[in-house]
Amino acid sequence: MRIRRRTDGIEPSRFHWRDLVSESTAGLLQRPARAALTALGTVLGVGSFVAVLGLTATAASQIDARFSDLSATEVTVQDISGEHTEFEDLAFPGDADQRVERLNGVAHGGVLWTVQLGEGQEVRSAPVAGAGAASQIQVVAASSGALLAAGPSVREGRVYDRWHDTTRQRVAVIGVGMAARLGITTLETQPALFIGDEAFSVIGILDDTERKADLLLSVIVPRSTAQEIWGPPKDGAEMLVSTRVGAAQQVAGEVPVAVRPDHPEYLRAVPPPDPRTLRSGVSGDLGQLFLVLAAVCLFIGSVGIANTTLVAVMERTGEIGLRRALGARGRHVLAQFLTESGVLGALGGLIGTSLGVTVVVGVAMAREWTPVIQPTTVVAAPVIGLVTGLLAGLYPAWRASRIQPVEALRR
Amino acid sequence: MTGTTATAVDRPADEATAPPVIEMRGAGLTYPGPPAVAALKPCELTVRKGEFVTIVGPSGSGKSTFLNIAGLLDSPTEGQYLLDGIDTGSLSDADRSALRGRRIGFVFQAFHLLPHRTAVENVTLSMVYGGAHRKDRIAAARDALVRVGLGHRLEAIPTTLSGGERQRVAIARALAARPSLLLCDEPTGNLDTATAATVMELLEDLHRDGMTVLIITHDPAVARRGARTLAIRDGVLTEGRAA
């Protein structure tokens with residue numbers, strides 16, 4: 001505008017931004033009820049936008065939390081030495097437990113496998129064959145570390161420890177259901193059970209295990225005891241490692257080298273699935289539909305603002321003419337009406353954001369979840385409202401700026 | 001501003017030598033047809049600073065066209081119109097808006113007050129686009145309202161004011177920006193006779209203080225109060241009262 005020739009003696013009209021804001025808000029407050037109703041569309045649009053994003057984030061984080069509790073702290077290591085050599089019976093060395101437990105982030109870890117019993121060998125609660133026999137009971141050889149990694153909760157007695165393991169004690173730990181099948185009700189009588197011809201003292205009865213629930217349906221004996229009696233595993237062994245939260249991925253990378261520094265390729269560590277990929281999958285599916293709905297709400301809201309602003313422009317033609325007579329330029333009128341619709345949109349956006357956050361917190365409270373909302377969502381939402389208002393106000397404000405004062409004042 | 005104020009001190013001793021405020025040099029307006037309508041035939045008119053002029057004519061005579069041209073709301077299609085010596089024909093829309101806001105105070109028949117704003121706020125509106133400070137504007141608005149005799153109703157909403165009071169607020173609004181010219185379009189048209197008389201007294205009062213006043217009316221009684229009266233009929237402006 002500076003390029004244009006200024007006629008001497010004419011000071012240009014001005015419209016300070018502070019006046020712009022106060023004139024616009026005064027214009028809105030002329031009809032507060034209508035302004036509120038107009039903003040409602042934006043309130044709903046922005047509100048659902050925030051609620052959808054917040055609820056999706058909240059739900060995803062709940063899945064993450066449950067995930068971390070259980071499998072995210074579990075690493076299994078498979079013995080795949082058979083793929084590389086035929087001369088290796090058991091890829092896990094005798095001190096595998098100690099090697100693994102030295103790793104940072106590991107809680108417990110140990111080797112376990114299912115024992116293949118020979119012909120005629122079965123688990124019994126009495127030394128006489130056929131008496132008190134329970135068919136199809138599997139025997140699991142587990143090192144003391146593996147038993148601890150399974151997270152047992154002991155009903156009676158105790159679990160065996162490294163001493164039992166290394167000194168090849170004939171001890172067994174069984175689940176409570178298995179005890180009932182074998183007729184063992186208490187440890188006070190120091191019961192024994194027989195596997196084939198070998199006698200084992202039952203030193204512990206388990207209520208439950210956190211992992212490897214099939215252990216509860218097995219007779220668990222120390223690893224070295226089993227290896228001495230029945231030899232190395234025929235179906236391959238695996239290692240169960242429990243880690244601290246967040247350490248599983250790293251531990252999985254370290255275990256093969258720690259256990260078999262000479263042949264790490266004999267071992268394959270299976271980490272839990274990465275929670276991050278899981279989360280993006282969840283938010284991708286459900287969220288998009290609701291985001292489309294929120295966008296539709298916003299569009300309806302903006303049409304509402306456009307419509308009301310247009311009506312207001314028609315109604316206030318006299319005022320526009322007056323302002324032009326008092327020195328306002330077309331662009332001043334444009335700025336005023338644009339600011340009015342922008343303020344309306346921004347207010348709607350703010351209220352909508354608050355409502356959306358309230359909904360997310362409310363739902364989270366009802367479900368006893370932790371509410372999660374991305375900070376960017378909360379910042380972006382009022383801006384979306386503002387932009388909606390400005391876009392909606394463009395046409396009406398342009399119309400207002402084109403009104404000729406002569407026509408306007410004739411009314 | 002070119003030193004135009006509404007104080008008695010500035011009033012020129014001899015009106016014939018005072019600087020012209022309005023100068024029409026063959027200014028006329030024809031609406032392009034078809035058929036072309038000459039709303040205002042080319043006219044010559046000079047109104048000097050401090051004059052009190054009334055223009056009378058029936059409706060449809062071209063009064064409004066004359067007012068629109070004088071008030072820079074419309075441009076003549078022929079001839080020249082000079083306001084305070086500035087040729088308005090070559091001005092951009094922005095300059096015309098600025099000139100209108102700073103040099104002309106409008107008083108309308110329909111008052112044109114903002115219904116939800118107080119008297120003071122309505123008066124300050126005339127200075128919003130002038131760039132003055134908010135505090136100065138409010139002070140000037142209060143002064144103007146006191147000047148028109150509404151010192152006791154500064155914070156009143158227009159809907160609670162009588163017709164005469166509303167027109168006084170409108171006059172205060174026109175005065176507050178300290179214009180060169182008070183342009184009144186049927187200022188008493190919506191008022192009863194008694195109230196109209198008080199409004200006219202106020203305008204005469206302002207004229208005595210040195211304000212240049214131009215009143216356009218269809219009411220001969222109002223026109224008679226002017227120190228100088230012009231008549232307009234069928235788009236022709238003539239000096240003296242038309243019979």
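Side chains included, hydrogens not; waters and symmetry mates left out as well; all remaining heavy atoms used. Source: prediction; values computed, not measured. Each chain gets a letter, A, B and so on, in the order the sequences are listed, and its residues count up from 1.
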- Taking atom CG of B:D234 as the centre, does the number of heavy atoms from other residues, nucleotides or ligands within less than 6.0 Å exceed 12?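 Result for CG/B:D234: open.
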- Message: Using a 6.0 Å cut-off, check whether atom NE2 of B:H218 has over 12 heavy atoms from anything other than its own residue.
- Response: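 No, the 6.0 Å shell around NE2 holds no more than 12 heavy atoms from other groups.
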- Query: Which word best sums up how the rings of B:F108 and B:F106 line up, parallel for under 30°, tilted for 30 to 60°, or perpendicular for over 60°?
  - Reply: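 Geometry flag for B:F106 against B:F108: parallel rings.
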- Item | Backbone N/O of A:V372 and side chain of A:T58: donor-acceptor pair under 3.5 Å |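 At least one qualifying donor-acceptor pair exists.
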- Task: Could you tell me which portion of B:L125 (side chain, backbone, both or neither) has an atom closer than 4.5 angstrom to a non-hydrogen atom of chain A?
- Result: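 Contact with chain A involves both backbone and side-chain atoms of B:L125.
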- Item | Contacting moiety of B:R96, where chain A heavy atoms sit under 4.5 Å |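 No part of B:R96 comes within 4.5 Å of chain A.
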- Query: Side chain, backbone, both or neither: which part of A:R323 has an atom under 4.5 Å from a heavy atom of chain B?
  - Reply: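 Both backbone and side chain of A:R323 come within 4.5 Å of chain B.
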- So what's closer than 4.5 Å to chain B heavy atoms on A:H332: side chain, backbone, both or neither?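 Side chain only.
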